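Chain naming here is simple, since letters A, B, ... match the order of the sequence lines and numbering starts at 1 in each. All values reported here derive from a predicted model rather than from experimental measurement.
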There are 2 protein chains.
Amino acid sequence: MNIGKAAAASGVSAKMIRYYESIGLIPAARRTDAGYRAYTEEDVHVLRFIRRARDLGFSVEGITGLLALWHDKGRASADVKRIALEHVATLERKIRELQGMVDTLKALASHCHGDHRPDCPILADLDGPTGPGPQRTGPRQRGIGPV
Amino acid sequence: MNIGKAAAASGVSAKMIRYYESIGLIPAARRTDAGYRAYTEEDVHVLRFIRRARDLGFSVEGITGLLALWHDKGRASADVKRIALEHVATLERKIRELQGMVDTLKALASHCHGDHRPDCPILADLDGPTGPGPQRTGPRQRGIGPV
DNA sequence: GTTGACCTTCCCATCCTGTCAAGGTTTACA
DNA sequence: TGTAAACCTTGACAGGATGGGAAGGTCAAC
């Protein structure tokens, strides 16, 4: 099976399959005489596994660990569960960060007339919180980047 | 004021100040004879504004819009409010995606013994959901990337 | 005058994904 | 058989926001 077929069958783009191969997440595929990568159903199976894990927000590094356990038929389920729950904790931390932003923005917006007048507590707060107004959630922390 | 001072006073790293200048988010700073960038209190004020907006998860693009409104003393507060609420919607969409992952993972983990035995419904699901088991949240969608 | 802290520019890396280009291969069809 | 379309290959570049480091110039304190 060529890479295009494998991509369609697994839901992982051809580009990403090559990328995963280049970083060693998956072994280098067998090549045809013409140099085309050739995939088996089993390879597609692995790619689907990777795709599902990505959908659950696992990083490539996390997937590396999951794949190792997946291939290790004698693994302890505790190891898998630990990785999953650690990931849950990471996701929940991120959710709390985002929720803090949402809360702050909503509080600011609720005090904004939202009409033609220029006065706006949202800008006033960004300007430098001097008055009472809605408080920021928790201690100053690095942003989590653009969303 | 040198860039280091401005960075410390605003909470934006020197590295990022130069970057913001390079992409045009802030105007190029005046230079001393030696070529050092020189900042005023007003510049620091702007940088603090940017820093606060970043903490609220605004992208550089979003901040560009906010800065324009901030500088426009005749702006309508409705414009600011709209940007803020659009951003809230974006954040909430992201939160829902992450929460869906958390729900799925928790459901899978709750069915995992988490002991020395190799059987693990988490891997079984990633393997290819064949049985009933916890359902994925909503239609198949692109992952949101590593977290 | 020396030393250390600061500044400059430029390059590289991250992380995952997409796009484009230039060229070779396979397949389908007239 | 010829040709066109669809596929494959590698490589490069992009993005978004940030950090790190190297090589070299400048300033301030002692």
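Atom pair B:L25:CG and D:dT18:C1' shows a separation of 15 Å (rounding to whole Å applied). As rounded to whole Å, 13 Å separates atom P of D:dT9 from atom CZ of A:R30. In this entry the distance linking CE of A:M16 with P of D:dC8 reads 17 Å, nearest Å. As a whole-Å value, the separation of A:I23 CD1 from C:dT14 C1' is 12 Å. Look at NZ on B:K94: it is 12 Å from C1' on D:dG16, rounded to the nearest Å. C:dC16 atom P lies 16 Å from atom CG of A:L47, rounded to whole Å. In this structure, NZ of A:K5 is placed 15 Å from P of D:dA6, rounded to the nearest angstrom. Between the P atom of C:dC16 and the CD1 atom of A:I50 lies a distance of 12 Å, rounded to the nearest Å.
B:V44 and B:Y36 fall into different hydrophobic clusters, where Ile, Leu, Val, Met, Phe, Trp and Tyr residues are linked whenever their side-chain heavy atoms come under 4.5 Å apart, directly or through other members.
Rounded to the nearest 0.5 angstrom, A:S10 OG and A:Y39 OH are separated by 9.5 Å. Taking CG of A:L105 as the reference point, atom CG of B:L85 lies at 8.5 Å (rounded to 0.5 Å).
For B:R37, the side-chain atoms get nearest to C:dT8 when compared with the rest of C:dT8, D:dC8, D:dC27. Among D:dT9, D:dG19, C:dC16, the nucleotide with an atom closest to any side-chain atom of B:S13 is D:dG19.
Using a 4.0 Å cut-off between charged nitrogen and carboxylate oxygen, A:K81 and A:E86 do not count as a salt-bridge pair.
Proximity of A:R31 to the phosphate of C:dT25: no side-chain N or O atom is located under 4.0 Å from OP1 or OP2.
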Identify all side-chain donor-acceptor contacts of residues 20-29 of chain B below 3.5 Å with residues at least two apart in sequence or on another chain.
from, atom 1, to, atom 2, distance (Å)
B:E21, OE1, B:A29, N, 3.4
B:E21, OE1, B:R37, NE, 3.1
B:S22, OG, B:Y19, O, 2.7

Under 3.5 Å donor-acceptor pairs involving side-chain atoms of residues 67-77 of chain A, not counting sequence neighbours:
from, atom 1, to, atom 2, distance (Å)
A:W70, NE1, B:D127, OD2, 3.3
A:H71, ND1, A:L67, O, 3.1
A:D72, OD1, A:G74, N, 2.9
A:D72, OD1, A:R75, N, 3.4
A:R75, NE, B:P118, O, 3.0
A:R75, NH1, A:L69, O, 3.2
A:R75, NH1, A:W70, O, 3.2
A:R75, NH2, B:P118, O, 3.3
A:S77, OG, B:G114, N, 3.2
A:S77, OG, B:D115, N, 3.1
A:S77, OG, B:D115, O, 3.3
A:S77, OG, B:D115, OD1, 3.3
A:S77, OG, B:R117, O, 3.1

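Residues B:Y36 and B:E61 both approach DNA chain D. Their nearest nucleotides, taken by heavy-atom distance, put B:E61 toward the 5′ side. Both A:A34 and A:Y20 lie close to DNA chain C; mapped to their nearest nucleotides by heavy-atom distance, the more 5′-ward contact belongs to A:Y20.
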Which atom pairs link the protein and nucleotides 20-24 of chain D when you take only N or O atoms and keep those under 3.5 Å?
from, atom 1, to, atom 2, distance (Å)
D:dG20, N7, B:K15, NZ, 3.2
D:dG20, O6, B:K15, NZ, 2.1
D:dG21, O6, B:K15, NZ, 2.8

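Checked by atom type and distance alone, the side chain of B:D103 never pairs as donor or acceptor with a backbone atom of B:G100 at under 3.5 Å.
Side-chain atoms of B:Y19 stay outside donor-acceptor range of the base of D:dG19, with no qualifying N/O pair under 3.5 Å.
Across all strands, B:R18 comes closer than 4.0 Å to base atoms (heavy-atom distances).
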